[in-house]
Amino acid sequence: MSVETVVPFVMVLIAALLPLSLLPVMIWAERKVSAFIQDRTGPNRAEILGIRLGGVIHAIADVVKLMSKEEMTPARVNRFYFVLGPFLALFVPLVSFAIIPLADSLNLGGTVIPLRAVTLNVGILFVLAVTSFHVYAVVFGAWASNNSFTLLGGLRSAAQMISYELGLGLSVVGTVMVAQSLDLGRIVEHQGGTLLGFLPAWNLFLQPLGFLIFLVCIFAETNRNPFDLTEGESEIVGYHLEYSSMKFAMFFMGEYIAIIGASAVTATLFFGGYQVPYLDTDFLRAHSTGVLRVMLVSMGAICFVLALLYRRYHRRLTALYHDRRRNEARMLGGMMLLMGLAAVVALLFVSPLPEAGGQVVVAAVQMTTLLVKILVVSFFFIWIRWTLPRFRYDQLMGLGWKVLIPLALLNIFLTGALLVFSGRT
Amino acid sequence: MESVLFWILSVVAVASAVLTVSRSNPLASALSLTVCLVAVAGLFATLSAHFLFIIQLLVYAGAVMVLVIYVIMLLNLKEREMKALGLSGPRVFVSSLVAVFVVALLARAQSGSGGFDPVSPVLDGSARRVAEIIFTSYVYPFEVVSILLLAAVVGVVVLGMKKF
Amino acid sequence: MIIGTENYLAVSLLLFVIGAVGVLARRNLLVVLMSVELMLNGANLAFAAFARARGVLAGDVIVFFVIAVAAAEAAVGLAIVVALFRKRGTVNLDRFTSLHQ
Amino acid sequence: MAATERKKTFRFSEKREKEIAALRGRYEYPQGLIMPLLWMAQYDEGWVSPEAMETIAEICETSPAWVYSLATFYTMFELERPIRYQIQVCHNLSCSLNGSESILAHLEKKLGIRAGEATEDGRFRLSAVECLASCGSGPMMQVNTEYYEQLTPEKIDALLEEFGRD
Amino acid sequence: MIEQVRHLTARMGKNNSPTIESYRDDGGYETAMKALAMEPEEVIEVVKASGLRGRGGAGFPTGLKWTFLPKEREKTYLCVNADESEPGTFKDRLILDFDPHLLLEGILITCHALKSDHAFIYIRGEFCRPYRRLRDAVREAYDAGLFGDNVMGTGRTLHCTIHRGGGAYICGEETALLNSIEGKKGQPRIKPPFPTNHGLFGKSTVINNVETLANVPLILRDGAEEFRKYGTEKSPGTRLFGVSGHVNRPGVYEFPHGIRLIDLIEDACGGVRDGNALKAVIPGGSSVPILTADEARELILCFDACMAAGTMLGSAGVIVMDETTCMVKALDRLTHFYGHESCGQCTPCREGSGWIAEIVSKIASGSGTPADLDKLVDLGRQISGNTICVFSDAVSMPVTSFTTKFRSEFEDHVNGGVCVAKKTTAATA
Amino acid sequence: MIGVRKIGRPMDLKERSYLVEVARGLAISMAHFARNVVKQDEMPTIQYPEEKRVLPERFRGRHRLTQREDGTPRCVACFCCQTACPADCISIEATEREDGYEKVPARFDLNILRCVFCGLCVEACPCDAIRMDTGKYELSGDDRGSLIYDLNTLLKD
Amino acid sequence: MAKITLNGIEREVEENSYLIRAAARCGVHIPHYCYHPALKVEGNCRMCSVEIEGVPKLQTACTTIVRDGMVVNTESEKVVKVRSEVMEFLLRNHPIDCPICDQAGECGLQDYYMEHGLHDSRVTVAEKVKKKKRVDLGPNVVLDSERCILCARCVRFCKDVTGTAELVIANRGSHAEITTFPGRPLTNDYAMNTVDLCPVGALTSRKFRFKCRVWFMERAESICPGCERGCNIYLDRFQNEIQRMKPRVNPRVNGYWICDAGRLDIDWINTNRLLRAEEGGRPIAPEESDREAASALSKGDEVLLVASPSMSNENLFALKKFSEKVLPGSELVGGSFREPWEDDGILRLPDRNPNRKGMEAIGIPTGIEKALATSRGTVLLFENDLLGDQPHLGAKLEGKKVIAFASNRTATVAAADLAVPVTSYAEMAGSFTNHAGRTQPFEPAIRPEGEARPVHEILHRIAAFLGSDLNAASFDALRSEMLEKVSALSMAVPDGREAEHVG
């Protein structure tokens, strides 16, 4: 098997596993961030051998709970669609990951290996197409539940998503025009380098209006606050009212995967994707050994700082608990210390890297960068949720049709005009 | 690889088309149709008509069918009514006769033409290429279609009003 | 096996015919509309296949227009269905006979 | 008082019966005789016993309870037991102005009982009473039926000694 | 020194004055003979002309009262109210003790006037010697044929029954007295109907005080004009004033109406004890409003002048208090009496008089509060006016007058001040 | 007639764009977030089973029946609490006692499962016999019967 | 008629009536304690003081007789003030007993305090006069002297109504209290009416003592089944149990009173009930018992139906109809099985069967002895305890099939072949016709427990088993049919009641 044949499979695997592995992190973050914003501590009680990881273990507990709960199917539902709903809810968002470039293509002795699962010349349109399929999940689930409330939720959801798809599509046009391509790879490449010498050449700065519209629309598309009218637990009760156990969990997970996917698309389109600010691929590849060293140093530093923090934490724990939980900080601190030491030791053995190795290191750095950007945008999703109140339905529709779409059209016009006047066509 | 894809997609397309027509539950029909449309989109992809592929997904599967399903749910037909509106024997018979006639007609026409050229793999149906043609040779039809869409939007809004 | 244009045409033909049967045989207005879409798809496939066969992108362009028109048609058609349903309480085609005369 | 304890019955003496017969004509209804009869019973026995009340009720054609209510309403009827010397010290305003409180205190000390109580042997009963219409010669007291006026502690000592003798 | 006018008390001080022999020696029962020869209406006219007013307390014209009897009546009773229980009053006892036949002659005449054949004398239960003397006098009178089926040979019937009370102040109230005779509890009746229409045993009844009836023979003997020579226009005749308290010579004095109170105290009674200053006087028995020394100096002792001075002549029991008297203590004595004597029929009186007694006693003992004083004043007002008889007013009047006229002393008691009369006899208990 | 009055609140452009206000809102929530991340110790959360809240003086916990000095219940079975109870959780049976107090409860059942902890029974009690000052709020049991407290249980605290 | 002006409104009132009564007739309630329409006027509570124009002092409305042209104000400032003051006096020695007092909830002091008092208490506990509590006045009445306001209603009742004068007020002033003569308890047969009369909680019923708070109870209007007087009563229920019986005012029948024997006879309603049908002591389902009864009746042999004069008119009528329509060959007789008692000259009448007149009117003949002697087949006993009450007749049941329709477990039930539970009078609607021929309706006070149903319903069901329609399932239909057919039973229109009085 040649590298060319293996890499796509690996990439598909990564594209599928990346959001799935981020899922528990997201759930944890959602709870923890919401708690902190509301001056609470959030989840912190589930433990394995005293290890709680600040509540991450709750994700496991949740899974166990959801899987062991009774699976209920209401009477007189359309079973096929009832199952199809959660299935689509989980897998449709997963697909959009396939097209995100995770790092610059490897160029191993002439063979170019794109580091993404699927390469399509209509890239961005694919994302839009896949996103539009998300609505089926909601609609089928809602309709199949044989319940007026879920149906209402479903209808609202369908109308909302179709409406905002328009704005979404139109807001992206600006970036496409700037990058002169629909291909996400091209769009990311175009965001390398700097703007006016000090800003990263991100579309965020080139397309601020487009970004805003995109952001609002992507919130609506993922049914997140302040547009979570589909769920609307305080009024109509959402489309997944009749779901329980794992089927509910699939909706639940689907929502977070959609957020991660949306974050990835946002990062790719507007935050320079895998691009490390100021440092383009060529520069990084040229200094790959230095990059590795810096990485190890910073990793070591982070580990040592964490170890120190855990030491302090240990004191608090021993004051509070009298069981095995009090040992958690010490164990984690030790681990951090070991990891830090490992980084230091590794630093001692770093030697100039070969070309291929350098490229892999750079790819890793770029993937990390993308990951960080995804997490930042995801954090923003959560942050917004605990800041803004929910929209009224007519406000939602008014915003979509009367504000965002005209603004998006204006954005296209302005971008076009600028492009024409700057002579970049 | 391509051929396998083709067969799979065409079988799915035809099968789901049959289901579309035969299912009494309109939502089932709609879902089948969606599957069919996705399959056809796949067929477009095998023809390397990438733009069509994505347009098919985006417009047909993503928008039109959602609209159809939306309306189906809105009307929320009762089970009994759905059954009453299912296929009926005589109609199927008559329409099948017509269908057979059409197929025979076309088969005969094709046999007269003497075969087709093989598919040209070099033709790239990417968005860029299609756009170039549309905005050059076909710019007037394009504008006409956009006016048509506008008219349709206005028409739908008027139809959707309560008083109508 | 090489997939030729005729294979695509065959699929297209089948889709078209099935759609036609649907239009003729069904009385549910919604299904009839969907069958029309089916027929359009059959046609589209034929256009795309011929475009490949001829090496001209005009086929793709036609498909593009057809899809656009189909979208418009679906929108208007569904709006009419909804309006009719509101007035008559049914989607049964046989009941819409006021223009028979 | 449980009914079983009271086996005795009360009868007026024949002399009294005659008196009663004479009085009967004076009162239009027999109930009017209740007070005179109560007085007679008290003269004869030194107190008004429950048996006497029942007998009176019978004579007066009313219920014993009715007689009882009268006997309790009027303070002069002795309902508990016979007492040899009823010492009643006026302590109303006029006598009080002239020092009846000290007289009462003196008596309490001498007899070893409080006003309103009787000595254990049943000889003396001391009570502070309201005006006995001898305001001009206060402080005064009444022992049984006799008035003793312009009292001083010395006078009382002498009197008690006299009572103690018989 | 002013001289007493001895009409009622003319025979007092004589030996054997209570006996019929002694009485006859002094011309007793001659008036009765004279009167029995007269028409009853004539007798009433004479009494009316004399202007004799009731000596029991209310001062109602006696002759007028007699005329209230309905013309058509089944039977008439005369009831003599000898239930003298008002603290400070001891005049009737004097008559009963020393001149019972004067009363009996009055009864004879009155019964003739009223066409009554039965007189009840309701004598106070505590009166033992008076009861004995009265009983003996009645016996003598029966033996002498003054009472019985053939009164003085006129062939008329007149009985006189002594009904002995049992120790209840309230029986001095006329309807209570009637109830008591009827063998009920001595609780006042609701008026109307009045006793003249529906009295003893449901028959027409006239109730008169001992002193009033004792005046009747004198009026008939001497004539109305002679009677009117003494006293004032509205209050003719002489009066027995029982003076008690802090005077040098307490006792019963007979004076015509209209003498000055200060003369009575300073002159007749030899002035206030120990030469102390006068502090207060209750002029007509304990239940009339008290007077301060200044008011007392101005007071003329007749019905109308007393009314004008805001008090009442009442039963003419004058209680004198000198400067050493603690007024709270004095009121405590009185309210204690009233608390003890309320008949318990009407709610305000039953609960109020006991309550007032409690409060005054609390204040007197020094554990009262200003709130108690306010409560006392309030209750004094609340209790009066809404009961069957006037007992509640009798409670109310001293309470109200004491607390208004000697407010500062009460305030001293509730505020922990010094009692003005720490060393006096009145405050020693 | 009930009507709806619409109150127009004119907004200027800054407000109408919402962006500034949204940003301010985000700043506020971020401030909270950041503060709580940095100063986790100062968060007001109490780690419940390990740490326990100091109850306010008037906290309404489980009921108890008070006793007189001689150990008898103060309750005189007046039914005021039963009358006042909106949840109908108290049921009393009165009886007479020959010695001492006239009326005493023969039975006093309090169904804590029904109780809404409104405290009206305490308000209603004329004898200060029922109180909710035990501070007990961890009320659980294995079966329903164990959560119906009887006279003796309620007297014990 | 006299014209008076009452609170500014001119009214026509009866001449020579007491003002309080005249005002009550005009709908003006004058608060009072000692006044009671059935007792002599005493005027001691002073609550009913009113202002009469031209009279300086307030007058008690209960002692004042109306005069033409009288101008009366019952709500003037002065009157209201005096009322509040009197309330203060009344409450002065009243203990704070409401929590343990049975009267709480229907107490005159509570009511008027809320209406006319509402002053803060100025009495300290030390100032109160302590009196005896929990005094046994007699077997049925308990006295609490502290609570007594000495209105003397009970005293007047015992003196004037029963003439026994057991109760008196002893002592005087604030120490006055109600008492009996030592050793002579309150034993007359109407003693418990004093409990009703008592406007406060001084007199309480021993039976009802501490049983239930009055505000929990709901009442139904009923008729006492104790004797043929047909006294009007209230049945007070709580938790589907009869808690007590109280007299209901009806001047034409019982006035304000009922006798104690009737009043205390409620325990049998709550205890020892037959709740399920029993066949030889074995419980069976209602349908089964119906079928059983029907099969016993359909055998064609002689059937004797024994009605009881304790049954309601409606049940008797249904029974009559049953015997005529469903079992034409059967014999229907009525019997009295309760020993007569003495006529006490007040309310109690000798015949202890409440509905003998009704049975006569419906046309059910007597003659049970003869009928029993001649009958051979099945005997149906309705609300008759033949074995328990009249054993010599019970012996004649030997060897016959006995079906007993009974509300309680009696000796007859125990011996019967089939026992069918029926409702007592407290659980159903119906009517009794009293000695004077007055038909008085009563309403159900409680729900029937178990499977007990009214006789007419059971008869209807049995008739259905026998194939005929008795048309007796609906009570209303049955009653109207009865009223139509038996004209003697026309219902008495409920008598206009006096304005309700305190206590």
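Naming convention: chains lettered A, B, ... in sequence-line order (proteins, then strands); numbering from 1 in each chain. Owing to the predicted nature of the structure, the values given are computational and were not obtained by experimental measurement.
For A/R45, the CZ atom is densely surrounded, since the number of other residues' heavy atoms within 6.0 Å is greater than 12. For A/R316, the CZ atom is densely surrounded, since the number of other residues' heavy atoms within 6.0 Å is greater than 12. The 12-atom threshold is not exceeded at CG of F/D142, counting heavy atoms of other residues, nucleotides or ligands nearer than 6.0 Å.
Atoms CD1 and OG1, on F/I46 and A/T41 in that order, are 10.0 Å from each other to the nearest 0.5 Å. The OG1 atom of A/T387 lies 10.0 Å from the NE2 atom of F/H32; values are rounded to the nearest 0.5 Å. To the nearest 0.5 Å, the span separating CG on A/N44 from CD on F/Q47 amounts to 5.0 Å.
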Got a list of side-chain donor-acceptor pairs under 3.5 Å for residues 398-406 of chain A, not counting sequence neighbours?
| residue | atom | partner | partner atom | Å |
| --- | --- | --- | --- | --- |
| A/W401 | NE1 | A/S163 | OG | 3.1 |

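Applying the side chain to side chain donor-acceptor pair (under 3.5 Å) test to every pair with at least one member in residues 79-88 of chain F, sequence neighbours left out, gives these pairs: F/T83-G/W215.
Closest approach of A/W383 to F/S29, counting heavy atoms only: NE1-OG, 3.1 Å. Across all non-hydrogen atoms, the minimal contact from F/M43 to A/D39 is SD-C, 4.0 Å.
Proximity to chain A among residues 17-26 of chain F is limited to F/L19, F/V22, F/G25, F/L26, judged by heavy-atom separations below 4.5 angstrom.
If you measure heavy-atom distances from A/I384 to chain F, the contacts under 4.5 Å come from both the backbone and the side chain. Looking at A/F380, only its side chain comes within 4.5 Å of chain F, counting heavy atoms on both sides. Proximity to chain F (any heavy atom under 4.5 Å) is shown, for A/L320, by both the backbone and the side chain.
Listed options F/Q40, F/E42, F/E51 were ranked by heavy-atom pairs under 4.5 angstrom with chain A; first place goes to F/Q40.
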Carefully, step by step, assess F/E50 and A/R326 under the rule salt bridge (Lys or Arg N to Asp or Glu O under 4.0 Å). CA-CA 12 Å; F/E50 289 84 20; A/R326 65 196 308 184; over 6 Å; no
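Residues passing the ring pair (Phe, Tyr, Trp, His ring centres under 6.0 Å) test with A/F219 are A/F381, sequence neighbours excluded.
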